[in-house]
Amino acid sequence: MTDKPTTTDQSAPVTELLDEPIEKARHPFMEAWDMFRRNQAALVALIILVLIIIAAIIGPSLYGRDPFEMVWAPFTPPGQNPDFILGTDYLGRDLLAMIISGARVSIIIGLAAAFVSVFIGVTIGALAGYYRGWVEEALMRFTEFFQVLPTLLFSMVIVALFGASLPMITFAIGIVSWTAVARITRAEFLRIRELEYVTASRASGARDFKLIFGVILPNALPPIIVQSALMVGSAILFEAGLSFLGLTDPNVVSWGQIIGSNRTYFLDASFTVTLPGVAIFVTILCISLVGDGLNDALNPKLRSR
Amino acid sequence: MSEQPLLSVENLTVRFAMNRRGLFSPATHLYAVDDVSFHVNRGETLAIVGESGSGKTTAALAAARLVTAYEGRVVLDGQDVLPLEGEELRQMRQKVQFIFQDPYSSLNPRQRAEEIVRDPLQSLTDTPAAEQQEITERLFAQVGLRPEQRRLFPHQFSGGQRQRIGIARALATQPELVICDEPVSALDVAVQAQILNLLSALQEEFGLTYLFISHDLGVVQHMCDSVAVMYMGKIVEHADRKSLFNNPLHPYTAALLSAVPSVDKTLREKSKRILIPGDPPDPTQKQVGCRFASRCPVAQDQCRLSEPPLTEIAPNHRVACHLVDEKAISPL
Amino acid sequence: MTEPLLKVQNLRVELTTRNGTAPVIDDVSFELHAGENLSFVGESGCGKSMTALAIMGLLPEGIGRITAGSIMFDGQELTELSQERLRRIRGNDISMIFQEPMTSLNPVYTIGEQIVEVLLAHQSISRADAWAEAATLLDAVRIPKARERLKDYPFQLSGGQRQRVMIAIALACKPKVLIADEPTTALDVTVQAQIFDLLRDLRQETGTSIILITHDMGAVAEMAERMIVMYAGRIAEIGAVDDIIGTPRHPYTKGLISCVPHVLAHVTDEKQPLTEVPGIVPSLREFGKDQCLFASRCQHRTQQCLTARPQSVNFDGAQSADCWHAGTL
């Protein structure tokens, strides 16, 4: 912005220039959100996800039907009865009610299991990456042990031993999926701890705890966030797998369970399997697109200096 | 005024363990800083010059207790700071602050500028919050930043401005000694001049003592009162400004000075270019004799056999070279 | 006067950013004759590297484009050539070395393979001959035990040695022009001296023109005969190195030369503050405006400087400066 003095004398010296207007403070996450917004696929996927979550929360009360109630003839195909748009399953239960109800379970377990995973993984990865030495060695061997476990079998064992309640399923899924987060966290910590602002914090008197959780971890978040988003998707899939095998709380409906209980009738009434399958597919797809979008938005190489 | 120097480094050695070859072979060490001694007088600037691998940055980090020293003493105001812990270490940190080289990685990207400057005040002093705010605002103005920029994040500043934030942070606790590690190397030349002038002005205003690390001889010549030249972990020459630049004694110092490309045409034609061939030898192999011998244009047998000690040849002029005697003439 | 080897006229390169397009190179014209050494000087973001990339046809895909002007090389109009034709010129007639030798060399191939690759891409010789030529080249860039070093990987070499390998690759096909983009900025000053020495000697032997891109005035004085000072995508001053350093006509050039603490021949007790150029370089958003882009930092600015882009003022010896007040300062 330049100051135009009142005189139009071209050779008059200009001594004062107005300062540039100061921009507003923008947190790095705001910059990332801007980049994310530009990604149309990710934005649409996010909107769909939000709709799914809203449906999961208010859907059952809005729709008003009990998913366990047998309401009509079994295997009514979708469209045949306008009251039950998606048809009925092998017991004559309203498929739409079941799918809406299942959304709630899938999403809750997905989020909760991802949370457990991230909590364990970040803690282990952060301590290993920060302290190095024998702490890192011990924690990494521990991580490798869990990494090579056959995840499905192990969670089946847990559920079989301790019962198939929602918290137990969440725990079973969480406990086998944390290793990726741990490795990513450790890698980020190894990278960031060498950066000068960490040394600067030490020179400013910060102690270990503050360095780990106040300085390094906030800057390590981007890849952890991306991984967490993707883990919600894989937790949902995992849960679908477990409930497909019948290892689920019988008092709740979940998508995998719908598929599992109807699977023997797949050839006769495929819609009972494919419809919940589509629900899973759309949800996972949207989560993946959002995860990709987050990755691009948070990737430092794409951010200008 | 006391004649005792503010900082006195004695026989400082910093080593790093290299990866072992086998499970049972002894660990090899890289001696990044090897038996280095120097002192800095209050209110003055000592520059440490060297190329990559010389150990200058490591020596500075060790003096600031940011890297663990293996042996030696670092005496600040009469007290050895190397064994300090806890509260005493905190007090030492208040007196010795650091300005880092890379403006792009020395500021936490998720902290606002004023938070970055305020950090040392919060962690190292008991200053009440209101006073902290006041100090922060004052420092901002002193380093040439505008008050409206206090709430911005590092990525919203230019390189030079970020370095100013770094300087403000270093001055927050009113330190006595400020260690500047290549503070202008990553900046454009016009901004370099601004920052150097700022550092000089601040030194005068606050009576600061600088330990100035650099590889740029022009900058060093401008900023320092005395200079120490390091090569492969050892000091090869240490003199006051005039003595070193007008009469460099060690062959490495002379080569370094002659290697700097100069705008001054007469200077270029007058000084013969001393080219030292090759690269520094492998620092992990233990050296016998003078470390510069393998590249020195005037090396003799005794240079390869025994390591020359750092001796005071003339008042305030120490050299580590067998070929320099009391007559203080360069062997080149 | 013989035809120039490289003639750039009214070159304009636009960069697409989030906020629109900006002319990162804004109406730049210059000539390079065979065997001549030219240097581009300026601070970061002034467009000196972009000019080199534009000549090489290596502008970032989809982001940078040549929108006006011509680049005439050896009788060919480079802006109109297809990618395939440009590829044949790159590395062959015009080659380039970059600032960071570690990232310019592929870490997973031996240096021998990388030299041979360039030779085989542009010349029809056998593999065995290419390997022999590679050894000769390594020798020419003064790497001892050249034959054995061919099998080394980049990580086994020091920074100075890697840069020599880059030079060897760049000179493999005996190009007419070598563009060196800040070749020694990442190297120690003693290694820098070796590299400059090498480049000067190689130029004597091969007659290659060198375009040196740098921010270091001292390097320019050592290496080049003519120089171009760039600021915000425009040429601020152009002319012979001795003329410009002796009598800089543009306020920016003056500032650039005097704000650097040079190593003095004789040191006295006095210490003066450095002459400052206040402010910072303009951001990309400011490029292209019809005014002098240096005006906000210039103590000699007048109203004219803020309302119209300066025209070139010519001086003796083919020196010219783009400043409304060049003649009177």
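Within every chain, numbering begins at 1; the chains are lettered A, B, ... in the order of the sequence lines, protein sequences first and strands thereafter. In this text, all values refer to a predicted model and were calculated from it rather than measured experimentally.
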Taking side chain as everything from C-beta outward and backbone as N, CA, C, O, which of these in [X] sits under 4.5 Å from a heavy atom of chain C? Side chain, backbone, both or neither.
{"X": "B:S52", "result": "both"}
{"X": "B:L244", "result": "neither"}
{"X": "B:D225", "result": "both"}
{"X": "B:Q192", "result": "neither"}

Any chance the side chains of C:Q272 and B:H222 put a donor and an acceptor closer than 3.5 Å? no

Can you tell me if B:N197 and C:E276 form a side-chain donor-acceptor pair at under 3.5 Å? yes

Classify the ring geometry between C:F155 and C:Y153 as parallel (under 30°), tilted (30 to 60°) or perpendicular (over 60°). parallel

How are the rings of C:Y252 and C:H250 set to each other: parallel, tilted or perpendicular (split at 30° and 60°)? perpendicular

Evaluate the side-chain proximity of [Y] to [X]: yes if any heavy-atom separation is below 4.5 Å, no if none is.
{"X": "C:S296", "Y": "C:P282", "value": "no"}
{"X": "C:L198", "Y": "C:V141", "value": "yes"}
{"X": "B:I276", "Y": "B:F292", "value": "yes"}

Which atoms of [X] come close to chain B, meaning under 4.5 Å heavy atom to heavy atom: side chain ones, backbone ones, both, or neither?
{"X": "C:T275", "value": "backbone"}
{"X": "C:S158", "value": "side chain"}
{"X": "C:Q192", "value": "side chain"}
{"X": "C:V260", "value": "side chain"}
{"X": "C:S283", "value": "neither"}

Quick one: which of B:G218, B:A255, B:S158 has the most heavy-atom pairs under 4.5 Å with chain C, could you say? B:G218

Sort by residue number and list every member of residues 210-231 of chain C having a non-hydrogen atom under 4.5 Å from chain B. C:H215, C:D216, C:M217, C:G218, C:A219, C:A221, C:E222

Residue selection (most heavy-atom pairs with chain B, distance under 4.5 Å) from [options]:
{"options": "C:T190, C:D197, C:L274, C:V277", "answer": "C:L274"}
{"options": "C:Q194, C:H262, C:R142", "answer": "C:Q194"}
{"options": "C:I280, C:T268, C:V241", "answer": "C:T268"}

What is the minimum heavy-atom distance between B:T209 and B:G43, and which atoms define it? OG1-N, 2.9 Å

Of all the heavy-atom pairs spanning B:M230 and B:I235, show the shortest one and how long it is. CG-CG1, 3.9 Å

Is a donor on one side and an acceptor on the other found under 3.5 Å between the side chain of B:Q163 and the backbone of B:P183? yes

B:C224 backbone acceptor or donor facing C:K271 side chain under 3.5 Å: yes

B:E204 atom CD, neighbour heavy-atom count above 12 within 6.0 Å: no

